[in-house]
Amino acid sequence: MHYQSVSAAPEVLLRPITVPHKVLMGPGPSSSSPRVLAAGSLPLLGHLHSEFVQIMDECKAGIQYLFQTQNKMTLAATATGHGAMEMACGNMVEPGDKVLVATNGIWGSRFTEMVRRHGGCPVIIEKQGKAFTHDEIERALAVNKPQLMFITHSESSSGLLQPVTNLGHLCHKYNCLLIVDSVASAGGVPLFMDKWGIDVLYTGSQKCLSSTPVPSPISFSDRAYQRFLNRKSKPVSYYFDLEALANYWGCDGAPVRRYHHTGAIAAMYSLRESLAVLAEEGLVNSWKRHADCAERLRNGVRRLGLELFIPEPDHRLPTILAIVVPPGVDWKAVSAHFMKKYRLEVSGGLGPTAGKIWRVGLMGYNATLQNVDKFLQVFQESLKLQGYSPSRL
Ligand SMILES: Cc1ncc(COP(=O)(O)O)c(C=O)c1O
């Protein structure tokens, strides 16, 4: 044995971990409640222990409520939002499939890339910072005849809310299935998977649910599951294979659940508690709370003489608000002031909106009127430091 030749333990790990308390009011993750964090520190269970399976079942019921769906194929992928996106793509897209990707920010671009990697043929319709109308979508469906369509309900890079009401029914008219990304909206904005005919819907846990970034809720309609069963080839990803995960989650009615991967045990406890918080508050009350906070913030921003990035009021996302950076103001310095003096996170833009906007997240645990007032007070202070003098102050 050459014990002497072992390298030294890293110095940094011989000190206690330091995690400052910050209020996360960017586009995500949002801060977790103490209750959700406490759940994550409960003792680990085995991933197939009956008590853990029970918690998975409770999560499944909570996700069905969150998405307003009765779908059997409802579960949470052991991954962040990107993983759920990859799972949606990988199980639905086969080589050669035509996928209509409605892009109005960065998420459509990312899905396009995933479609390509899975051998599909993306057909892109693009509109930056603006929502697609049903007429525009219908034209694209009629002309391109895709097998699948992807759209982002909540474009977090620009604060855009894309209406998807009944969009699935429109897609079905053209023999197309609809995949919707609701990472920044589920729980904070009205969303009805079954009523609106959505075939694959996923979200993240760290935004309106205020849980840890993993796992990510996802649900497949009967139509989507049928499409999966009719695949000519197996999905490329073993990890995200719907058949295996459906069994692990008890969605397939099989008498035995088999080991597929070790579930994110502690994170699942947190997800369960975040869904319990939602169930106790009620979805409608949660949607209203997010809408009230957003309204208060928008009014405050207007009083400061600033402009909201999304011009159309009905297309402004209540969960992530985008404020235009006025000329002569250094957006980074404003965000830095929030963080340095108040440990409060407010982000800049992303992708096409980088440098043009601030993004303020009011999601889940953080969506309170007190947080809005705090934000507005600090915002005014930071803008003054930047020499900004609003005409309407
Ligand atoms: C709309 C949207 N989709 C997908 C994602 C990806 O989620 P994650 O960063 O958890 O992988 C995000 C993350 O911000 C998002 O806002």
Side-chain angles (χ1 to χ4, degrees), residues 24-32 36 63 66-67 76-90 101-115 117 127-129 131-132 149-164 167 178-189 191 198 200-219 237 239-240 264 267-268 270-271 274 290 309-310 315-322 345-354 357-364 366-367:
L24 304 181
M25 284 173 66
S30 57
S31 310
S32 289
V36 167
I63 297 165
L66 170 73
F67 287 168
T78 306
T80 66
H82 276 91
M85 192 188 271
E86 192 100 50
M87 183 174 173
C89 185
V101 184
T103 302
N104 38 22
I106 75 160
W107 303 108
S109 311
R110 294 213 173 172
F111 197 80
T112 302
E113 178 61 20
M114 289 184 189
V115 169
R117 290 184 187 209
K127 228 178 163 185
Q128 291 295 339
F132 293 94
M149 172 175 180
F150 169 88
I151 202 159
T152 308
H153 185 222
S154 41
E155 181 48 66
S156 53
S157 65
S158 63
L160 181 83
L161 177 68
Q162 165 66 56
V164 293
L167 188 56
L178 178 65
I179 302 172
V180 174
D181 176 319
S182 71
V183 170
S185 53
V189 182
L191 183 58
I198 300 169
V200 184
L201 181 64
Y202 63 84
T203 190
S205 300
Q206 88 281 21
K207 304 226 185 203
C208 298
L209 291 175
S210 287
S211 191
T212 51
V214 175
S216 293
I218 185 164
S219 180
S237 168
Y239 191 65
F240 290 124
M268 196 81 76
S270 291
L271 175 64
S274 69
H290 284 83
F309 185 64
I310 302 298
H315 298 163
R316 288 180 188 143
L317 195 54
T319 49
I320 298 174
L321 293 95
E345 184 192 32
V346 169
S347 303
L350 180 67
T353 60
I357 58 172
W358 288 284
R359 291 181 299 157
V360 186
L362 287 168
M363 293 184 274
N366 279 344

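Sequential numbering from 1 along the given sequence is applied to the chain's residues. Hydrogens, waters and symmetry mates play no part in the numbers below; they use all other heavy atoms, side chains included. Everything numeric in this text was worked out from a predicted model, so none of it was measured. Both ligands and their constituent atoms are indexed starting at 1 by order of listing.
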task: Mind running side chain to side chain contact (heavy atoms under 4.5 Å, CB included) on Thr152 and Leu160 for me, showing each step along the way?
output: CA-CA 9 Å; Thr152 308; Leu160 181 83; over 6 Å; no
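Qualifying ring-ring contact (aromatic ring centres under 6.0 Å, His included) partners for Phe111, counting only residues two or more places apart in sequence or in other chains: Phe150.
Ala322 and Ile357 get closest at one heavy-atom pair: CB-CD1, 3.8 Å. Nearest approach of Ala184 to Thr319, heavy atoms of both residues: O-OG1, 2.7 Å.
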Are there any protein N or O atoms under 3.5 Å from the N or O atoms of ligand 1? List them with distances, or say none.
{"unit_1": "ligand 1", "atom_1": "3 (N)", "unit_2": "Asp181", "atom_2": "OD1", "d": "3.3"}
{"unit_1": "ligand 1", "atom_1": "3 (N)", "unit_2": "Asp181", "atom_2": "OD2", "d": "2.7"}
{"unit_1": "ligand 1", "atom_1": "10 (O)", "unit_2": "Gly81", "atom_2": "N", "d": "2.9"}
{"unit_1": "ligand 1", "atom_1": "10 (O)", "unit_2": "Gln206", "atom_2": "NE2", "d": "3.2"}
{"unit_1": "ligand 1", "atom_1": "11 (O)", "unit_2": "Thr80", "atom_2": "OG1", "d": "2.7"}
{"unit_1": "ligand 1", "atom_1": "11 (O)", "unit_2": "Gly81", "atom_2": "N", "d": "3.3"}
{"unit_1": "ligand 1", "atom_1": "11 (O)", "unit_2": "His82", "atom_2": "N", "d": "2.8"}
{"unit_1": "ligand 1", "atom_1": "11 (O)", "unit_2": "His82", "atom_2": "ND1", "d": "2.6"}
{"unit_1": "ligand 1", "atom_1": "14 (O)", "unit_2": "Lys207", "atom_2": "NZ", "d": "2.6"}
{"unit_1": "ligand 1", "atom_1": "16 (O)", "unit_2": "Ser156", "atom_2": "OG", "d": "2.5"}
{"unit_1": "ligand 1", "atom_1": "16 (O)", "unit_2": "Lys207", "atom_2": "NZ", "d": "3.2"}

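With respect to Gln206, the side chain to side chain contact (heavy atoms under 4.5 Å, CB included) criterion is satisfied by exactly one of Ser30, Ser270, Pro213: Pro213.
Put simply, the side chain of Met149 does not reach to within 4.5 Å of the side chain of Ile179, judged on heavy atoms.
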